[in-house]
Structures are given as structure tokens and as C-alpha cells.
Amino acid sequence: MSTQHATSRGTYHPLLGTNVEVRVIARAATVPAAYALAEAAETVAVNRIVHLQSMFTTYEATSELCRWRAAEIDEVSPELTEVLRAAEHWWRVSGGAFHPVTERLRGRWLRAETDGVPPSAAELAHLVVQLAALPFTITDAGVQRVGDCTGLDLNAIAKGYIVDQAAEAAAAQPGVVDVLVNAGGDLRHIGDQSLRVGVEDPRQPGGAPLQVVEVGEGALATSGPVHRGFRVGRHWYGHVLDPRTGRPVAGRPSTTVRAPDAMTADALATVAGVLDWPTAAAIVSASPAAGCLVVDESGEVLTCGAW
């Protein structure tokens with residue numbers, strides 16, 4: 001019987017608005033054969049990311065999402081249906097704290113950066129009223145628009161879905177025993193190995209990690225205002241917006257969620273980053289095999305669920 005050899009291939013790809021790390025470990029009878037299998041599986045993962053990115057992007061009018069929300073097409077793919085279904089689920093579970101139709105609200109805060117003046121309370125109230133219900137429904141027949149979907153984007157959940165799809169596609173290839181796909185902090189791991197992942201301390205970006213967690217089969221996602229947000233005049237506002245008020249969330253510098261898959265972790269990181277801690281902790285703890293770590297504005301570290 002020939003000896004089995006394992007090899008690892010890990011490279012970065014400029015996709016999804018970040019550098020996506022894809023690492024694959026494969027086994028074969030020889031090291032060159034194992035390397036070839038790992039390289040082939042990595043190519044499968046990258047191609048899956050490229051394909052799905054082209055479907056979900058809001059920056060290309062020809063993407064499936066843009067064409068559907070503009071009512072140019074009515075039938076959508078199983079992939080878009082799955083993500084819209086998940087978005088509707090988390091909107092309902094979170095009482096509107098997760099919302100897939102915040103493009104206009106985000107656009108207003110981007111304009112505030114240019115103007116140097118935050119939106120008025122009246123403007124935000126008007127935008128929030130428009131978010132009281134989703135402009136689409138999910139039925140056995142599929143997805144149906146029931147309102148204006150032109151402001152719909154899936155950025156808060158689609159990246160996790162794409163990471164999952166890429167990891168699962170690579171893991172299904174011959175000889176593959178371990179896969180990691182990491183898209184700027186949204187990561188999914190499949191395999192027997194255990195990863196040690198550092199959770200960034202929002203008080204010391206780039207410094208020593210706040211905690212180091214072991215990630216076996218599963219996913220991790222982090223949300224917070226340290227690296228992304230809106231500078232309006234002399235004030236910095238985090239990029240996470242509360243759809244119920246229209247305002248950037250304050251007092252939650254960092255939220256990290258672990259879950260069985262990256263789409264769930266992505267959604268829960270947004271939910272837990274918007275809601276008050278007792279409500280967020282209840283929702284995360286009710287999600288199978290999910291756990292959460294947050295840092296509040298006083299610097300206190302709070303955890304819940306399967307953290």
C-alpha cells in the first residue's frame with residue numbers, strides 16, 4: 001500500500017472587496033499528486049466565489065440581483081432565493097434589526113460625509129418608515145416582489161453565503177481533507193484540523209488579540225465600526241446602521257459570532273451588533289451551536305451561547 005502524503009496550498013485572491021484567503025489540504029499517493037489536487041480544489045473555490053459575486057453585486061446593473069430588484073426579471077436562481085429566504089428569516093427573528101433594504105439609508109449617511117452634516121431626525125424618520133416591511137415575500141412558488149426593491153442589497157449576509165459555497169465546493173473535490181476560506185474576517189473551516197483564530201481587540205487594532213479561539217468545523221464572523229464607518233464633520237460613526245432608528249449603532253465596538261456556517265455567523269454578527277445585549281444574547285443562544293463575544297463601550301467583554 002502506498003504512503004499517503006498531505007500538502008497545503010494557501011493563497012490570497014482580490015475578491016469580495018477584500019483579499020480572500022483560500023487554503024486547501026489534500027492527500028494523495030505522492031506529494032506532487034496531493035499538491036495538484038489541492039490546487040485544483042482551490043481553483044474550484046475561487047471560481048465559485050467569482051460566479052456568486054457576479055450574481056449578488058449591486059455595482060453591476062447586469063447582475064442577477066440588480067436585474068431582479070429593478071423588475072427586469074421575475075424568476076431568480078436557487079442561490080438568490082436561498083439568500084433572500086435567509087434575509088427574510090433574520091429580519092423576522094431580529095424584529096427588524098437585520099434588514100436587507102438599507103441601501104438608501106446608507107446612501108444618506110454617505111452623502112452626510114460629503115456635506116459634513118448628519119441627516120436630520122425628520123429625514124431619518126422618513127427613511128425608517130419605508131423600512132417597516134420587506135418589499136418581497138417568500139412562498140413555495142419562489143420569491144415575489146410586493147414593493148419597491150430597488151434599495152435592496154444583501155451585503156450583510158451574501159458574503160457569508162459565498163464563503164460557505166466556496167468552502168463546500170472545495171471540500172467536495174477528490175483527495176481534499178481540509179479547507180479554509182477567509183474573506184476579511186468572515187471565515188469557514190471544513191476538516192479535521194482545528195484552527196486558532198485571534199479576535200481583534202477594538203481598543204488596539206492590529207495589536208495583541210482580545211482572545212484566541214479554537215475553530216473546528218464551523219465559521220466565524222466579526223462586525224464593528226473600527227475599520228469602516230462614516231466621518232461626518234469631526235465625528236466618526238460606525239458603518240453598522242440600526243434600521244429601526246436610521247442611526248449608526250453606538251456602544252458596540254466589536255461583535256464576533258461563531259456558528260456552523262458563515263452565512264449564519266454573518267447575519268448574527270449584524271443582529272448582535274445592533275440589538276441590546278440581553279435581546280442579542282437570547283437570539284444567538286437560541287441558534288443551534290452559535291455563540292457570541294461582544295465588547296461594549298466600557299470595554300467589558302460579554303459572551304453567550306456556544307462561545
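Please read all numbers here as calculations on a predicted model, not as lab measurements.
No path of Ile, Leu, Val, Met, Phe, Trp and Tyr side chains, each step under 4.5 Å between heavy atoms, connects V213 with V257, placing them in separate hydrophobic clusters. In the hydrophobic cluster analysis, where Ile, Leu, Val, Met, Phe, Trp and Tyr join through side-chain heavy atoms closer than 4.5 angstrom, L80 is grouped together with V143. By the rule that hydrophobic residues join a cluster once side-chain heavy atoms approach within less than 4.5 Å of another member, L220 and I49 end up as members of separate clusters. In the hydrophobic cluster analysis, where Ile, Leu, Val, Met, Phe, Trp and Tyr join through side-chain heavy atoms closer than 4.5 angstrom, V93 is grouped together with L154. Under a hydrophobic-cluster definition in which Ile, Leu, Val, Met, Phe, Trp and Tyr are linked whenever side-chain heavy atoms come within less than 4.5 Å, directly or via other members, L131 and L124 are assigned to the same cluster.
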Identify every side-chain donor-acceptor pair in residues 171-186 under 3.5 Å, counting partners at least two apart or on other chains, and give the distances.
{"residue": "Q173", "atom": "NE2", "partner": "A169", "partner atom": "O", "Å": "3.0"}
{"residue": "D178", "atom": "OD1", "partner": "H189", "partner atom": "NE2", "Å": "3.0"}
{"residue": "D178", "atom": "OD1", "partner": "Q193", "partner atom": "N", "Å": "3.4"}
{"residue": "D178", "atom": "OD2", "partner": "R23", "partner atom": "NH2", "Å": "2.5"}
{"residue": "D178", "atom": "OD2", "partner": "H189", "partner atom": "NE2", "Å": "3.1"}
{"residue": "N182", "atom": "OD1", "partner": "G185", "partner atom": "N", "Å": "3.0"}

For a quick test of your reading: what N or O donor-acceptor pairs under 3.5 Å do the side chains of residues 300-307 make, sequence neighbours left out?
{"residue": "W307", "atom": "NE1", "partner": "Q211", "partner atom": "OE1", "Å": "3.2"}

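Applying the 4.5 Å side-chain rule to ILVMFWY residues, one finds that V31 remains a lone member of its cluster. Within the hydrophobic cluster formed by Ile, Leu, Val, Met, Phe, Trp and Tyr side chains joined at under 4.5 Å, directly or through other members, V212 stands alone, with no partner residue.
E113 pairs by the side chain to side chain contact (heavy atoms under 4.5 Å, CB included) definition with L110, F230, R231, V232, not counting sequence neighbours. Qualifying side-chain hydrogen bond (donor to acceptor under 3.5 Å, both in side chains) partners for D276, counting only residues two or more places apart in sequence or in other chains: T279. Partners of D242 according to the salt bridge (charged side-chain N to carboxylate O under 4.0 Å, His left out) rule, which considers only residues two or more places apart in sequence or in another chain, are R244. Partners of D296 according to the side-chain hydrogen bond (donor to acceptor under 3.5 Å, both in side chains) rule, which considers only residues two or more places apart in sequence or in another chain, are S298. Residues that satisfy the side-chain hydrogen bond (donor to acceptor under 3.5 Å, both in side chains) test with H126, not counting sequence neighbours, are Q130. Residues that satisfy the side-chain hydrogen bond (donor to acceptor under 3.5 Å, both in side chains) test with D164, not counting sequence neighbours, are R188.
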Query raised in the report: When you look at V46 and V44, which way does the side chain to side chain contact (heavy atoms under 4.5 Å, CB included) test go after all the steps?
Result: CA-CA 6 Å; V46 171; V44 168; over 6 Å; no
Report task. Give the intermediate values and the outcome of side chain to side chain contact (heavy atoms under 4.5 Å, CB included) for residues T222 and T255. Result -> CA-CA 6 Å; T222 297; T255 304; over 6 Å; no
Requested in this report: Could you walk me through whether R48 and E79 pass the salt bridge (charged side-chain N to carboxylate O under 4.0 Å, His left out) test, one step at a time?
Outcome: CA-CA 12 Å; R48 188 66 174 150; E79 292 90 344; 3.5 Å; yes
**Report entry** CA sep, side-chain torsions, deciding dist, call: H235, Y237, side chain to side chain contact (heavy atoms under 4.5 Å, CB included)
**Finding:** CA-CA 7 Å; H235 298 280; Y237 301 90; 3.8 Å; yes
Query raised in the report: So Q53 and L15, side chain to side chain contact (heavy atoms under 4.5 Å, CB included) or not? Walk me through it.
Result: CA-CA 8 Å; Q53 179 178 259; L15 295 164; 4.0 Å; yes
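Side-chain contact between T57 and L65 is absent, with no heavy-atom pair separated by less than 4.5 Å. At least one side-chain heavy atom of V295 sits under 4.5 Å from a side-chain heavy atom of L210. When side chains are defined from C-beta on, P135 does not count as touching D148, because their heavy atoms never get closer than 4.5 Å. Looking only at side-chain heavy atoms (C-beta outward), T58 and E103 come within less than 4.5 Å of each other. Here the side chains of P243 and F98 are not in contact, with every heavy-atom distance at 4.5 Å or above. The shortest distance between side-chain heavy atoms of L84 and L152 falls below 4.5 Å. Within the 4.5 Å cutoff, the side chain of R111 has heavy atoms near those of the R108 side chain. The side-chain heavy atoms of Y12 and V20, taken from C-beta on, include no pair separated by under 4.5 Å.
If you take CZ on R92 and CD1 on I138, they are separated by 10.5 Å, rounding to the nearest 0.5 Å. Atom CG in L52 sits 14.5 Å away from atom NZ in K159 (nearest 0.5 Å).
Across all non-hydrogen atoms, the minimal contact from R69 to D153 is NH1-N, 4.4 Å. Between W91 and A133 the shortest heavy-atom distance is CZ2-CA, 4.1 Å. Closest of all the heavy-atom pairs between I157 and A87 is CD1-N, 4.0 Å. When every heavy atom of R85 is checked against every heavy atom of T139, the shortest pair comes out as NH2-O, 4.3 Å. Between G160 and A262, the shortest heavy-atom contact is O-CB, 3.3 Å. Across every non-hydrogen atom of P118 and A112, the tightest pair is CA-CB, 4.1 Å.
For the residue pair R145/T137, the side-chain donor-acceptor check at 3.5 Å is not satisfied. With hydrogens and angles left out, the side-chain atoms of E64 and S77 include a donor and acceptor closer than 3.5 Å.
Using modelled atom types, one side-chain atom of S287 and one backbone atom of I283 make a donor-acceptor pair closer than 3.5 Å. In this structure a side-chain-to-backbone donor-acceptor pair under 3.5 Å is missing from D115 to V117. Checking side-chain atoms of E168 against main-chain N and O of Q165 turns up no donor-acceptor pair under 3.5 Å. Remark: the backbone N or O of G246 is paired with a side-chain donor or acceptor of W109 at under 3.5 angstrom. Put simply, the side chain of S63 gets close to the backbone of C66: a donor and an acceptor are under 3.5 Å apart. Side chain of R106 to backbone of H239: a donor-acceptor contact under 3.5 angstrom is found. The closest donor-acceptor contact from the side chain of R258 to the backbone of E214 lies under 3.5 Å.
Using a cut-off of 4.0 Å between Lys/Arg side-chain N and Asp/Glu carboxylate O, E297 and R252 are scored as not salt-bridged.
Between F136 and W68, the angle of the ring planes goes over 60°, which puts this pair in the perpendicular group of the 30/60° scheme.
Residue pairs satisfying the side chain to side chain donor-acceptor pair (under 3.5 Å) criterion with at least one member in residues 262-272, sequence neighbours excluded, are listed as follows: D261-T264. Annotation: salt bridge (charged side-chain N to carboxylate O under 4.0 Å, His left out) contacts involving residues 32-45, sequence neighbours excluded, comprise R9-E39, R9-E42.
The environment of E75 atom CD is sparse: at most 12 non-hydrogen atoms of other residues, nucleotides or ligands sit within 6.0 angstrom.
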